[in-house]
Amino acid sequence: MKQASSPVTAALLAQLSAVVGADHLLADPDRVASYCTDWTRAFTGECLAVIRPASTAELSQVLALCSAAGQTVQIQGGNTGLVGGSVPASGEASPPLIVSTLRLDRVDPVDHLTGQLTAQAGAVLSAVQQVAREAGWLYGVDLAARDSATIGGTVATNAGGTQVIAYGMTRAQLVGIEAVLADGTVISHLGGLLKDNTGFDLAALLCGSEGTLAVVTAVRVRLHRPHRRTSLAMVGCESYDQALELMSRARSQSDLVAAESIDAVGMQLAASELGLASPLMKSWPLVALIEVADGGDASGLPLTEEQDAVVALEPGEQERLWAYRERQAEAYASLGLVHKLDISVPLDQMQRVMTDLHSILAVASEVTCFGFFGHLADGNIHVEFIGPESTQAALQRAILERVAASAGSISAEHGIGRLKADYFSLSRSEAEIDAMLAIKSAWDPTGLLNSGVLFGDRT
Ligand SMILES: Cc1cc2nc3c(=O)[nH]c(=O)nc-3n(C[C@H](O)[C@H](O)[C@H](O)COP(=O)(O)OP(=O)(O)OC[C@H]3O[C@@H](n4cnc5c(N)ncnc54)[C@H](O)[C@@H]3O)c2cc1C
């Protein structure tokens, strides 16, 4: 933590403390440490202090005070983001105040008439899922960090996850939002009307803005009817083309709930690092997880004679199969600092792009381990590699340029954050970035929120 060296800073901290109470303005280096380093451990920075407001009104006062004092702010939810956007940059001359949303954690009961619910931004995803489930509904976004990631964080990053093929990304779930602008102004539109063409859709704009425009304080989301039963198959495949063909056949016959992939390295790491030995008869270049719903039956997937597969119908058995995919990030993390990219490519380009990415990493002699897993149905692959910091940037650029050359995206779901700010223009034109910057300067004219995130040096 940076010391409150000037009288101005000391006065600001005293005012902030009066708003939230001394217990919720953390200044002790030991207590702020976990807020200053991200989940990947690749990003770490200094903060002025950490503040934990308990209501939208408190958060509004906090931002108004910061705005008046010219104090920069770093917004943080569950700190599970994977692109460095949730923590301060290192070496900042004037470190930001970290605003944690974790005390804004109320989830309202389901409104059965509309099939919607309202939750405060700091509620963790699993709490939102649970309230929906207990009322007989389903929230359409799910991801492995569900017990720590907040609903506000998933909105700020437009999170994807394993159910996108069935329900869409986070933006598709949003029907209302409440947020606080940099100067403390509260904007609130939580009514949840499905038909409401009164001007700009600010919820859609804030979704995916990575905390550069405002602090999201509450969201109204649509819910879905859960499937009565699903059927999940883990299938060994020779290639992405074969896995995609299988997925396409499953989709033409039944409702596809999910289609994920893990390569041979990931399956090997699941065994060696997590003790999850493969349930398949042999090692395959690629393993596909394909889940279909209700009338569908994953055991009816058209396999070749050589392919082997296991099928799970019971929730407990399905959870065991899902663990191979959901615990991939954990398996790689056990090897040390992992460089991560999350890309998406058009499905008809996938095999070629993945072959080329494999070649790029295979010839890099300093890379000690690399592999791919991801959301097959969405063309979204997570690229993981381990190697010295010195070669990371060159490899990153080579991979992202290859993806962009096939009309892919350099960020399928994690966002740009700090990690990919220098590569933003590989996926978006200068005209598009200028249009985004114009919105940024209208909403946050002095650049107080999440400085450096998304736009890098441009803000
Ligand atoms: C094991 C693991 C698995 C994951 N799987 C997936 C996956 O399948 N799909 C996926 O999309 N992501 C995945 N993630 C990434 C991460 O969980 C998501 O990006 C999630 O949305 C981050 O939520 P958070 O609350 O942790 O946000 P944080 O990490 O705290 O913040 C992320 C960004 O959002 C901003 N932000 C946070 N809260 C707010 C707010 N209330 N208002 C404005 N800005 C805010 C932050 O400033 C930062 O820029 C995974 C992460 C882990 C560790």
Side-chain angles (χ1 to χ4, degrees), residues 34-35 37-41 43 53 56 59 63 73-89 96 98-105 119-128 141-164 169-171 177-182 203 206-219 258 260 322-323 325-333 338 340 342 344 373-375 378 380-382 384 411-419 421 443-444 449-455:
S34 64
Y35 294 86
T37 297
D38 77 335
W39 191 91
T40 66
R41 288 170 285 143
F43 291 89
T56 300
L59 204 145
L63 291 195
V73 163
Q74 169 66 51
I75 308 165
Q76 190 177 97
N79 200 12
T80 67
L82 299 173
V83 289
S86 54
V87 293
I98 296 180
V99 173
S100 165
T101 61
L102 291 181
R103 288 178 72 217
L104 299 167
D105 62 355
Q120 285 187 302
V124 293
L125 181 58
S126 59
V128 173
V141 175
D142 192 23
L143 42 91
R146 61 182 76 80
D147 291 330
S148 305
T150 62
I151 191 93
T154 60
V155 168
T157 57
N158 187 26
T162 51
Q163 302 184 148
V164 170
M169 305 266 293
T170 297
R171 189 176 286 118
I177 206 154
E178 177 189 85
V180 183
L181 306 186
L206 284 168
C207 188
S209 64
E210 300 187 41
T212 58
L213 298 180
V215 185
V216 176
T217 47
V219 294
E260 302 281 310
W322 269 111
R325 168 63 188 84
E326 292 213 323
R327 297 182 66 191
Q328 282 293 299
E330 183 188 338
Y332 278 94
V338 184
K340 291 169 170 293
D342 86 300
S344 64
F373 59 90
H375 311 292
D378 318 329
N380 171 196
I381 297 297
H382 298 306
E384 313 266 305
S411 172
E413 55 179 16
H414 296 162
I416 297 291
R418 299 187 190 282
L419 179 72
W443 283 46
D444 179 18
L449 303 181
N450 279 13
S451 171
V453 172
L454 185 56
F455 300 112

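Residue numbers start at 1 and run along the sequence shown. All heavy atoms count here, side chains included; hydrogens, waters and symmetry mates do not. Each ligand, and each atom within it, is numbered from 1 in the order the structure gives.
In this structure, Glu326 falls outside the shell of residues with a heavy atom less than 4.0 angstrom from ligand 1. Put simply, part of Gln74 is less than 4.0 Å from ligand 1, judged by heavy atoms. Contact annotation: Ala179 has no heavy atom less than 4.0 Å from any atom of ligand 1.
By the criterion of a heavy-atom distance under 4.0 Å, the side chain of Ala156, and not its backbone, is placed next to ligand 1. Within the 4.0 Å heavy-atom criterion, both parts of Ile75, backbone and side chain, lie near ligand 1. With a 4.0 Å cut-off on non-hydrogen atoms, Ser209 does not touch ligand 1 at all.
Below 4.0 Å from some heavy atom of Gly211 lie the following atoms of ligand 1, by number and element: 43 (C), 44 (N). Each of the following atoms of ligand 1 lies closer than 4.0 Å to a heavy atom of His414: 10 (C), 12 (N), 13 (C). Near Gly85, meaning under 4.0 Å from one of its heavy atoms, ligand 1 places the atoms 46 (C), 47 (O), 48 (C), 49 (O). The Ala159 neighbourhood of ligand 1 comprises atoms 11 (O), 21 (O), with distances under 4.0 Å to a heavy atom of that residue. Close approach of ligand 1 to Ala214 (heavy-atom distance below 4.0 Å) involves ligand atoms 43 (C). Taking every non-hydrogen atom of His375 and a distance limit under 4.0 Å, the qualifying atoms of ligand 1 come out as 8 (O). When each atom of ligand 1 is checked for a heavy atom of Thr154 under 4.0 Å away, the hits are 21 (O), 23 (O). Atom numbering of ligand 1 starts at 1 in the shown order; those under 4.0 Å from a heavy atom of Thr101 are 41 (N).
The minimum heavy-atom distance between Gly161 and Asp378, with the atom names listed, is O-OD2, 4.1 Å. The two residues Thr154 and Ala149 have their closest heavy-atom pair at CG2-CB, 4.5 Å. Annotation for Thr56 and Leu104: closest pair N-CD2, 4.0 Å, computed over non-hydrogen atoms. When all heavy atoms of Trp39 and Ala329 are compared, the closest pair comes out as CH2-CB, 3.9 Å.
Between the choices Asn450, Val216, Asn79, Val99, the shortest heavy-atom distance to atom 40 (C) of ligand 1 belongs to Val216. For atom 20 (C) of ligand 1, the nearest non-hydrogen atom from the set Thr80, Ile98, Thr217 comes from Thr80. Of all the listed residues (His382, Gln328, Glu413, Glu330), Glu413 holds the heavy atom that lies closest to atom 7 (C) of ligand 1. In this structure, of Ser86, Gly417, Gly81, Ala145, the residue bringing a heavy atom nearest to atom 52 (C) of ligand 1 is Ala145.
The protein atom (non-hydrogen) at minimum distance from atom 27 (O) of ligand 1 is Gly153 CA, 3.6 Å. Atom 24 (P) of ligand 1 has as its closest protein heavy atom Gly78 N, 3.4 Å. Taking atom 33 (C) of ligand 1 as the reference point, the nearest protein heavy-atom neighbour is Thr157 CG2, 3.7 Å. Closest to atom 50 (C) of ligand 1, if we only count protein heavy atoms, is Leu82 CD1, 3.8 Å. Atom 11 (O) of ligand 1 has Gly160 N, 2.9 Å as its closest protein atom, hydrogens excluded (heavy atom only). The protein non-hydrogen atom at the shortest distance from atom 6 (C) of ligand 1 is Leu143 CB, 3.8 Å.
Between the side chain of Arg418 and the backbone N or O of Gly84 there is at least one donor-acceptor pair closer than 3.5 Å. Of the possible polar contacts, one joining the Gln74 side chain to the Gly85 backbone as a donor-acceptor pair under 3.5 Å is found. Judged by distance alone, the side chain of Glu210 and the main-chain N or O of Ile416 form a donor-acceptor pair under 3.5 Å. Judged by distance alone, with hydrogens and angles left aside, the side-chain atoms of Asn380 form no donor-acceptor pair with the main-chain N or O of His375 at under 3.5 Å. For the pair Asp105 (side chain) and Val124 (backbone), a donor-acceptor distance under 3.5 Å is absent. The closest donor-acceptor contact from the side chain of Thr40 to the backbone of Leu82 lies at 3.5 Å or more, if one exists at all.
By the 3.5 Å distance cut-off applied to N or O atoms, Thr150 is counted among the residues near ligand 1.
A 4.5 Å side-chain heavy-atom check between Ile381 and Ser344 finds every atom pair outside the cut-off. In this structure, Val99 and Pro53 have side chains that are in contact, with non-hydrogen atoms separated by less than 4.5 Å. Side-chain contact between Glu326 and Arg146 is present, with at least one heavy-atom pair separated by less than 4.5 Å.
Checked against Asp444 for a side-chain contact (heavy atoms from CB on, under 4.5 Å), the options Val73, Leu449, Leu213, Leu181 give a single hit: Leu449.
A donor atom on one side chain and an acceptor atom on the other are not found under 3.5 Å apart for Asn450 and Thr212.
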